[in-house]
Asker: 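Could you have a look at this structure, given as structure tokens, before my questions?
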Amino acid sequence: VVLVLTLFFGQKIRGMRGFLLMFQPSEVAKLILVVYLADVLTRKKDELASFTRGLLPRLGLVGSVVLLVLLQPDFGSAIAIVVLSLVMLFLGGARLTHIGGLTAAAIPGVWLAVRVVPHIADRWSVWRATYDLTLQGVDTRGAGYQIFQSLVALGSGGLWGVGIGRSYQRAFIPDPYTDFAFSIWGEEVGFLGTFGLVCVFVFLLTRGLRIARRAPDDYGQILAAGLTAMVTIYAAINMAVATALVPTTGLPLPFVSYGGSS
């Protein structure tokens, strides 16, 4: 309901109507979705082998959330929610053939978005020119400005970094405290610091999965694994964006980025 209200009464920031009174409903929606899927996948476990009776009703709710997020439009969060939902379905025991079929069905939609939606097409073209770090043909003052400044920050950090609080790129990177917090971290503490942060998230992943494995029931196992996946998927996407491994999405870095909702 709040996602629907956001489309009509939400605050528009940088072309996206995703905030209602400076609160971002999509951030809470992903958490509620994890709790819901953990519950329903446990209760309907015997029906998951059937696509129509077990999987399709769950996909209806997930699809509704994804559609409302896309209409904002927040393509990055929508993709992250799709990936998270597929992970949850896998953890809940859905058939791999069904999950593979859903993934294959989503590819034409992504291709169409890259072709039709202007800001997604711009980000895709910039990424294609920057993923190998050559930056050849990239408009570093236009669509490629963010990723260019991000790579400059990471490169400036070297091995040890320039020191905590001594970032120069903070003045040039848009949203250095949210979307590109990883870039500033890399500049200030260098390669060793960024490697250490990656290790922290890997440690969080292993401990979360260990907690899930030790949970006394199926609900606890799926919920713990789902919450762990929620954090680590967002972290992986954020760090991949900062290093030009994937197109810019605008997702925060969990526990690092500043923000209210996240």
Side-chain angles (χ1 to χ4, degrees), residues 1-41 58-89 91 106 110 113 117 119-120 123 146 150 173-185 197 200-201 204-205 208 222-242 246-262:
V1 170
V2 179
L3 283 173
V4 173
L5 291 176
T6 303
L7 297 178
F8 295 97
F9 307 106
Q11 183 179 5
K12 198 168 186 178
I13 300 177
R14 295 186 181 177
M16 185 186 77
R17 196 180 295 277
F19 296 86
L20 192 65
L21 301 175
M22 295 309 296
F23 167 77
Q24 193 172 4
S26 62
E27 286 292 318
V28 180
K30 68 180 182 184
L31 175 62
I32 294 176
L33 203 57
V34 169
V35 177
Y36 163 76
L37 287 175
D39 173 65
V40 75
L41 291 174
R58 274 60 291 163
L59 293 177
L61 183 64
V62 173
S64 300
V65 173
V66 171
L67 178 61
L68 290 171
V69 174
L70 280 174
L71 291 175
Q72 292 179 357
D74 187 355
F75 193 71
S77 293
I79 289 292
I81 291 173
V82 168
V83 174
L84 178 60
S85 299
L86 290 176
V87 170
M88 291 293 295
L89 292 175
L91 294 172
V110 175
V117 183
H119 74 278
I120 296 177
R123 291 182 176 184
Q146 287 178 303
S150 174
I173 297 180
D175 303 315
Y177 44 84
T178 53
D179 300 355
F180 287 92
F182 184 74
S183 306
I184 302 302
W185 175 265
L197 184 60
V200 168
F201 279 108
L204 180 68
L205 173 63
I222 299 175
L223 179 62
L227 293 173
T228 303
M230 182 182 73
V231 172
T232 52
I233 286 172
Y234 268 64
I237 293 177
N238 179 279
M239 292 186 285
V241 166
V246 299
T248 305
T249 58
L251 298 181
L253 182 58
F255 307 125
V256 178
S257 293
Y258 168 85
S261 306
S262 66

Asker: Does the side chain of V200 reach to within under 4.5 Å of the side chain of F255, using non-hydrogen atoms?
Answerer: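 SC-SC contact between V200 and F255 ruled out.
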Asker: Donor-acceptor pairs under 3.5 Å, side chain of residues 224-232 to any protein atom, not counting sequence neighbours: which ones?
Answerer:
unit_1, atom_1, unit_2, atom_2, d
T228, OG1, A224, O, 2.8
T232, OG1, T228, O, 2.8
T232, OG1, A229, O, 3.4

Asker: Does some side-chain heavy atom of V256 sit less than 4.5 Å from a side-chain heavy atom of L197?
Answerer: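 Contact flag for L197/V256 side chains = yes.
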Asker: Closest heavy-atom contact between F201 and P254?
Answerer: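 Nearest pair, atom of F201 first, then P254: CZ-O, 3.3 Å.
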Asker: I'd like to check V34 versus L84 (side-chain heavy atoms, cut-off strictly below 4.5 Å). Are they in contact?
Answerer: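 Result yes, sub-4.5 Å side-chain heavy-atom pair found.
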Asker: Roughly how far, to the nearest 0.5 Å, is CG of L33 from CD1 of I81?
Answerer: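 Answer for the CD1-CG pair, I81 versus L33, is 7.0 Å.
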Asker: Got a sec, which pairs hit side-chain hydrogen bond (donor to acceptor under 3.5 Å, both in side chains) with one end in residues 73-85, sequence neighbours left out?
Answerer: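 Every pair satisfying side-chain hydrogen bond (donor to acceptor under 3.5 Å, both in side chains) with a residue in residues 73-85: D74-S77.
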Asker: Measure the spacing between CG of L31 and OG of S26 and express it to the nearest 0.5 Å.
Answerer: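 Answer rounded to 0.5 Å: 12.0 Å.
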Asker: Among residues at least two apart in sequence or on other chains, which ones pass side-chain contact (heavy atoms from CB on, under 4.5 Å) with A236?
Answerer: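 If we apply the side-chain contact (heavy atoms from CB on, under 4.5 Å) test to A236, skipping adjacent residues, there are no hits.
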Asker: Minimum heavy-atom separation for S183 and I173, please, with both atom names.
Answerer: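 Result for this residue pair: CB-CD1, 4.0 Å.
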Asker: In chain order, what residues pass the side-chain contact (heavy atoms from CB on, under 4.5 Å) check against A38, with sequence neighbours excluded?
Answerer: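 Testing A38 for side-chain contact (heavy atoms from CB on, under 4.5 Å), a comparison that skips the adjacent residues, returns M88, Y219, I222, L223.
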Asker: If I compare all heavy atoms of A78 with all of L70, which pair ends up nearest, and what's the gap?
Answerer: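 Taking every non-hydrogen atom into account, CB-CD2, 3.5 Å.
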Asker: If you compare all heavy atoms of L3 against all heavy atoms of P25, which two are closest, and at what distance to 0.1 Å?
Answerer: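 Scanning both residues completely, I find the closest heavy atoms to be CD2-CB, 3.8 Å.
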Asker: I need the minimum non-hydrogen distance between I237 and A80, along with the two atoms involved.
Answerer: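 Looking at all heavy atoms of both residues, the closest pair is CD1-CB, 4.1 Å.
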Asker: What residue pairs, at least two apart or across chains, pass salt bridge (charged side-chain N to carboxylate O under 4.0 Å, His left out) with a residue in residues 28-39?
Answerer: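 Of all non-adjacent pairs touching residues 28-39, those that pass salt bridge (charged side-chain N to carboxylate O under 4.0 Å, His left out) are E27-K30, D39-R43.
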Asker: Specify the closest pair of heavy atoms between S257 and T178, including all atoms of both residues, with the distance to one decimal.
Answerer: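 For S257 and T178, the tightest heavy-atom pair comes out as OG-O, 2.5 Å.
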Asker: Decide yes or no for F23 and T6: does some side-chain heavy atom of the first lie under 4.5 Å from some side-chain heavy atom of the second?
Answerer: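 Counting from C-beta outward, F23 and T6 never come under 4.5 Å.
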Asker: Atom CG of L86 and atom CG of L91: how far apart are they, to the nearest 0.5 Å?
Answerer: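 Interatomic distance, L86 CG to L91 CG, rounded to 0.5 Å: 11.0 Å.
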Asker: Could I get the full list of side-chain contact (heavy atoms from CB on, under 4.5 Å) partners for Y258, not counting sequence neighbours?
Answerer: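 Counting only residues at least two positions away or on another chain, Y258 forms a side-chain contact (heavy atoms from CB on, under 4.5 Å) with Y177.
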Asker: Is L61 close to V40 at the side-chain level, that is, under 4.5 Å between some pair of heavy atoms?
Answerer: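 V40 does not reach L61 side chain to side chain.
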